[in-house]
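For this chain, numbers begin at 1 and follow the sequence in order.
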Amino acid sequence: MLRIDRFGPTKRLTMARSLGGRTFYHCHAYLVDGLLIDSGCPCVTRPFQGFLDSEEVTRAAITHYHEDHAGNVISLNLSGIPILAPQSSLDRIKRGIVNPFNKTQPYGLVFWGKSLGGLADPLPQKLETERHCFEVISSPGHSDDMQIFYEKKEGWLFSADLYIAARKIYWRKEENPLQAMAGIKKAITLDFADLFCGHSPVLGRGKEALQKKLEFMEEIQFKAKKLREEGFAISEISKKLLGREGVWTYLTLGDFSKRHFIEGLLSQPA
């Protein structure tokens, strides 16, 4: 499934796998002034190619290497559209690797499809289009290579997966909650209103949404530290604060879990 919506001068591409008439785990890419921010998941390659054929896309910028963001790089290559991506993820994008721990995650193949990889050049510190200038800001945590794009004049933050949800309790094995908190703290110092998230856009009150996420993470971290001081194990802390592991943990064979969130919050900063 691929659907296109317009928000002022920005077009949002909503993409997801359709199974039995239902769609699962939506992801978004954005087109603004000829610049395509992210390419979505490979399971929508055909409609994505139709989008490229019908729109004026002059360049693409990838926020990070995950398959729901870089999954259609090969389509951009075949269409002759220049692609920019984080320097540290160029090789992973080229090889189509979607996870540093397990190249062939079954849940990734089901929800997003297999990424065939593709070629990209390094992102500069600024992305300029005819009407806009985007500051490229490193924001690791969700992944080690993630970048976010800030357009000060318009009050826009294209936040990749910095937000996702205010109360995100399932975290991937590779994610670093402490780095994510630092990235949120840095982002909320910027002057923006519209948060163009890779999964849950918040228009008009984007900074407030990020602030709520930070407050939730700090609250869980505070409570987790107290429980650890009382001698509780990580598994016990996770269960007390977030409940038992749910279906998402089992569907992903443990790659997503509540325990990863607690472990990350209690880890020492790198």
Is any side-chain heavy atom of [Y] closer than 4.5 Å to one of [X]?
X    : Y    : result
T129 : R59  : yes
F192 : L210 : yes
R92  : D145 : yes
P140 : N176 : no

Legend entry - Check: Y25 ring centroid to H199 ring centroid under 6.0 Å: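 Here the rings of H199 and Y25 have centres that are less than 6.0 Å from each other.
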Inset, instruction - Report the C-alpha separation of H260 and E175 in whole Å, then their side-chain angles, then the decisive distance to 0.1 Å, and conclude whether the side-chain contact (heavy atoms from CB on, under 4.5 Å) test is met. - result: CA-CA 8 Å; H260 292 331; E175 290 183 284; over 6 Å; no
Inset, instruction - Report the C-alpha separation of E219 and K223 in whole Å, then their side-chain angles, then the decisive distance to 0.1 Å, and conclude whether the salt bridge (Lys or Arg N to Asp or Glu O under 4.0 Å) test is met. - result: CA-CA 6 Å; E219 177 187 359; K223 292 178 178 179; 3.0 Å; yes
Inset, instruction - Using modelled atom types only, decide if a donor and an acceptor are shared between the side chain of K258 and the backbone of T249 within a distance under 3.5 Å. - result: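 No.
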Inset, instruction - Look only at the side chain of R17 and the backbone of C43, and say whether a donor-acceptor pair between them is shorter than 3.5 Å. - result: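 Side chain of R17 to backbone of C43, a donor-acceptor pair under 3.5 Å: no, none is there.
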Inset, instruction - Determine whether more than 12 heavy atoms belonging to other residues, nucleotides or ligands lie under 6.0 Å from atom NZ of K186. - result: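 Yes - once you tally the heavy atoms of other residues, nucleotides and ligands closer than 6.0 Å, there are more than 12.
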Inset, instruction - For F222, look at atom CZ and say whether over 12 heavy atoms of other residues, nucleotides or ligands are found less than 6.0 Å away. - result: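 No - once you tally the heavy atoms of other residues, nucleotides and ligands closer than 6.0 Å, there are 12 at most.
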Nearest-0.5 Å distance that lies between atom [atom1] in [X] and atom [atom2] in [Y]:
X    : Y    : atom1 : atom2 : result
K240 : E230 : NZ    : CD    : 8.5 Å
L195 : K213 : CG    : NZ    : 10.0 Å
T63  : L123 : OG1   : CG    : 9.0 Å
Y163 : I148 : OH    : CD1   : 15.0 Å
R95  : S115 : CZ    : OG    : 12.0 Å
E154 : C133 : CD    : SG    : 12.0 Å

Inset, instruction - If the plane angle is over 60° it's perpendicular, under 30° parallel, otherwise tilted; pick one for F158 and Y30. - result: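 Because their plane-to-plane angle is over 60°, the rings of F158 and Y30 count as perpendicular.
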Inset, instruction - Please test F7 against F196 for ring pair (Phe, Tyr, Trp, His ring centres under 6.0 Å), starting from the C-alpha separation and ending with a verdict. - result: CA-CA 10 Å; F7 297 94; F196 293 89; 7.2 Å; no
If you measure from the Lys or Arg side-chain nitrogens to the Asp or Glu carboxylate oxygens, is any gap between [X] and [Y] under 4.0 Å?
X    : Y    : answer
K173 : D255 : no
E263 : R259 : yes
K168 : D161 : no

Legend entry - Which residues share a side-chain hydrogen bond (donor to acceptor under 3.5 Å, both in side chains) with S159, sequence neighbours left out: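 S159 satisfies side-chain hydrogen bond (donor to acceptor under 3.5 Å, both in side chains) with no residue once adjacent residues are dropped.
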Inset, instruction - Taking side-chain hydrogen bond (donor to acceptor under 3.5 Å, both in side chains) as the test, write out the residues that go with D5, two or more places apart. - result: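 D5: side-chain hydrogen bond (donor to acceptor under 3.5 Å, both in side chains) contacts with R3, R12.
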Inset, instruction - For residues T23 and S18, report the shortest heavy-atom separation together with the two atoms involved. - result: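 The answer is CG2-OG, 3.5 Å.
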Legend entry - Intermediate values then yes/no, side-chain contact (heavy atoms from CB on, under 4.5 Å), D38 and I62: CA-CA 5 Å; D38 283 332; I62 306 299; 3.8 Å; yes
Legend entry - side-chain contact (heavy atoms from CB on, under 4.5 Å) between H64 and S89, worked out: CA-CA 7 Å; H64 60 295; S89 61; over 6 Å; no
Inset, instruction - Test V202 against E208 for side-chain contact (heavy atoms from CB on, under 4.5 Å), laying out the working first. - result: CA-CA 9 Å; V202 182; E208 290 89 337; over 6 Å; no
Inset, instruction - Using only heavy-atom distances, determine whether the side chains of S79 and Q49 contain a donor-acceptor pair under 3.5 Å. - result: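 S79 vs Q49: donor-acceptor pair found between side chains.
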